[in-house]
Asker: 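Once you've had a glance at the structure underneath, I'll fire off some questions.
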Amino acid sequence: MELVVSLEFSGGAELLFDKVKNHEVSLPARANGPWTIKHLLVWIKDNLLKERPELFVQGDTVRPGILVLINDADWELMGELNYELKSKDRIVFISTLHGG
Amino acid sequence: MELVVSLEFSGGAELLFDKVKNHEVSLPARANGPWTIKHLLVWIKDNLLKERPELFVQGDTVRPGILVLINDADWELMGELNYELKSKDRIVFISTLHGG
Amino acid sequence: PDIPCETLSNASIARYSRQLILPEVGVKGQLALANASVLIVGAGGLGCPAALYLAAAGTGCLGLLDYDTVELSNLHRQVLHTEQRVSVPKSSSAAFGCNQLNSTVRCIPYHMQLDSQNALQLLRQYDVVLDCTDNVATRYLLNDACIMAKKPLISGSALRFEGQLTVYNYQDGPCYRCLYPTPPPPETVTNCSDGGVLGVIPGIIGCLQALEAVKVICSLGNTYSQRLLLFDGLEGTFRTIKLRPRQQSCVVCGDNPSVTKLIDYEQFCGSRANDKEHSLELL
Amino acid sequence: PDIPCETLSNASIARYSRQLILPEVGVKGQLALANASVLIVGAGGLGCPAALYLAAAGTGCLGLLDYDTVELSNLHRQVLHTEQRVSVPKSSSAAFGCNQLNSTVRCIPYHMQLDSQNALQLLRQYDVVLDCTDNVATRYLLNDACIMAKKPLISGSALRFEGQLTVYNYQDGPCYRCLYPTPPPPETVTNCSDGGVLGVIPGIIGCLQALEAVKVICSLGNTYSQRLLLFDGLEGTFRTIKLRPRQQSCVVCGDNPSVTKLIDYEQFCGSRANDKEHSLELL
Ligand SMILES: [Zn+2]
Ligand SMILES: [Zn+2]
């Protein structure tokens, strides 16, 4: 069964995704186990990222300076890479701002 | 069956309710039909209002200058007095501000 | 400005470079700002930051209207005035402050009370109007006048630790009367003198009014038309409410308006358009 | 201020009357403000409105630190400066502007770059610190120094149409390093010079930083400690995020910190602490 989640990019992270901030995506069913953030990152890299993946992912996680939010909470509170996605989850990737 | 809804007062309307902005309330089951905003206003007047009800209700509706929100939408979009309350609804009463 | 400005000077390009490089603004947006005129009604807690940031952004013409003079007790929130300008009309103090920041903005001070006689003629000279006033009667007056003059009205308000923001009469959104057909009973209305206000609360709302004005002028979309922002500074929460659309039955902006001329708003509201009246009468 | 102020003068009562009558502030809160010292690091887009509103509110002492001088291209967002003060150090221009509004505030300008040698000694003299800087290296430096000097750090940032706000190192909330243990790759960092910024965006965030400072000083609760505000001016949305608590494993604020002295932050971040360096070297 497909899993529909919404992805959002802000703080400049959207510049890597054709400047589109909000993406509703359908993830195909996984044969072996649930979807986690770790799988999602691979999927984003393969399916959504337009260019320069190193500005978004590093190894199997997001690059330093990007904060991940799961339904308006810091992903650190939710299990980080191992969080299991549920239908209608909202996952936000924010690039930290440094300007003043 | 009891109906649990959350009531919020702001913009100064909370001053009529001991300055308490957030109230989680259990409404007793009604014998004849569902709870509407109209019934809720009577219940608030009888159970929550500490003083000077005319500063909150006028006739069977809220006094002019108070805006009612049902789950973050203007009550005009939701049927106003006739809206039927559901469990966990969030009803907000805002007194309009005029200061600058 | 009478003759529209069609190119940016080198000085303007240097000055506004940090906002010119935003693709959403660009030369087109900066020219729209240079050719825009904004009337700020009230040079108090809301009007001061709104005027400052609109002047900074390069708005062509700023009208600054206030009947009052600067007092020491204003300075905890009315940050465009100074100790040295206590007793000076707020309108000219604000114009002076804006021009110190940006001398290329044409600032027009109006030291007077907005009323049913002068409102329409004044509003017609401006593209966008900011409601930075502090009383119910002037808010109804400004609303009705904006409907009649067909101007968007960017409305802010603040009291204690709370602020509210919305845009009226813009892109088929509602007007003030659509939301509040009947004025509140006078005894339920609290002003900043009686209820108090933390100075930075109107600061935040006034800045947001300036942002809405820029978005209207540069056609950036997603304004607070048909949306209401509720800010609670004590809890640190922002809530955005979806509002009703323009009401066909509205007496002023509806399909068959019954209010087609400005009325006596002090009588309509049962309250004065300023809280200074009695002290002035004593003089 | 060395000797705590224990009563309010009649002049102060008149001046701050509108915020004194707020029960949450009152005489106690106003005295707390009068006895408080706040260090504002960066007198730019964020620092200007923050300093203005903290001066207006009656903060006893404001330290204003910036290594830079006022340029015309700053004035679209740095509203405490003026055309006449172009080329003046931002720190003294800001101090001058604050004192025009409120001469009773002791404003101390620091025309210098914050670095690992001077940061701790300076921070120890203040109660609250505002991060109004514009680069990653200074943000890490300021964070670590605030941990070592045990000061709450109110952090704002802005770019393009977006702003972010949070409070670090306060009431067991996280620090900057708890959230971002590793600095971002330098090529992913965009500053306001390159990316642009709409002037009123840092205006809004700077005002919110001033509000957080008042709430910390007056112990009003509900600060942005362990919360992050994301503001998107283009969409007109505010979102509040629940953040992780202080991390026991944090290298600077954790239970067994390995960073106990300030380090070389330009090296750590692989980027300069200011984008003016090369032009200064040319002189
Ligand atoms: Zn209407
Ligand atoms: Zn930490």
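In the text below, chain A, chain B and the rest are named by the order of the sequence lines, each starting its count at 1.
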Asker: Between D:Asp232 and chain A, with a heavy-atom cut-off of 4.5 Å, which part of the residue counts as in contact: side chain, backbone, both or neither?
Answerer: side chain
Asker: Would you mind checking which part of D:Ser155 comes under 4.5 Å of any heavy atom in chain A, side chain (CB onward), backbone (N, CA, C, O), both or neither?
Answerer: neither
Asker: Could you check whether any side-chain heavy atom of A:Ile94 comes within less than 4.5 Å of a side-chain heavy atom of D:Glu162, counting everything from C-beta outward?
Answerer: no
Asker: Taking all atoms of both residues into account, what is the closest heavy-atom pair of A:Glu8 and D:Arg239, and its distance?
Answerer: OE1-NH2, 2.9 Å
Asker: Ignoring hydrogens and angles, tell me if any N or O in the side chain of A:Arg63 forms a donor-acceptor pair with the backbone of D:Pro185 under 3.5 Å.
Answerer: no
Asker: Please report the interatomic distance CD1(D:Ile241) to CG(A:Asn71), rounded to the nearest 0.5 Å.
Answerer: 10.0 Å
Asker: Just how far is it from atom CD of A:Glu54 to atom OG1 of D:Thr188, taken to the nearest 0.5 Å?
Answerer: 10.5 Å
Asker: Distance check, rounded to the nearest 0.5 Å: A:Asn22 atom CG versus D:Glu235 atom CD?
Answerer: 6.0 Å
Asker: D:Phe238: which residues meet the ring pair (Phe, Tyr, Trp, His ring centres under 6.0 Å) condition with it, sequence neighbours left out?
Answerer: C:Phe238, D:Phe231
Asker: Could you measure the distance from the CG atom of A:Asp72 to the NZ atom of D:Lys242? Nearest 0.5 Å is fine.
Answerer: 12.0 Å
Asker: Measure distances from D:Arg227 to the heavy atoms of chain A and classify the residue's part below 4.5 Å as side chain, backbone, both or neither.
Answerer: neither
Asker: How long is the span from the CD atom in A:Gln58 to the OG1 atom in D:Thr182, to the nearest 0.5 Å?
Answerer: 8.5 Å
Asker: Is any side-chain heavy atom of D:Leu228 closer than 4.5 Å to a side-chain heavy atom of A:Leu67?
Answerer: yes
Asker: Might you point out which heavy atoms bring A:Gly65 and D:Pro184 nearest each other, and give the distance in Å?
Answerer: CA-CB, 4.2 Å
Asker: To the nearest 0.5 angstrom, please state how far the OG atom of A:Ser10 sits from the CZ atom of D:Arg160.
Answerer: 10.5 Å
Asker: Under 6.0 Å from the CG atom of D:Asn256, do we count more than 12 heavy atoms belonging to anything else shown?
Answerer: no
Asker: Hey, which of A:Val92, A:Leu69, A:Leu15 has the most heavy atom pairs under 4.5 Å with chain D?
Answerer: A:Leu69
Asker: Sort D:Ile201 into side chain, backbone, both or neither according to what part of it lies under 4.5 angstrom from a heavy atom of chain A.
Answerer: neither
Asker: Sort by residue number and list every member of residues 76-91 of chain A having a non-hydrogen atom under 4.5 Å from chain D.
Answerer: A:Glu76, A:Leu77, A:Arg90
Asker: Return yes if some donor-acceptor pair links the side-chain N/O of D:Glu187 with the main-chain N/O of A:Leu55 below 3.5 Å, else return no.
Answerer: no
Asker: So which heavy atom on D:Pro183 is nearest to which on A:Pro64, and how close?
Answerer: O-CB, 3.4 Å
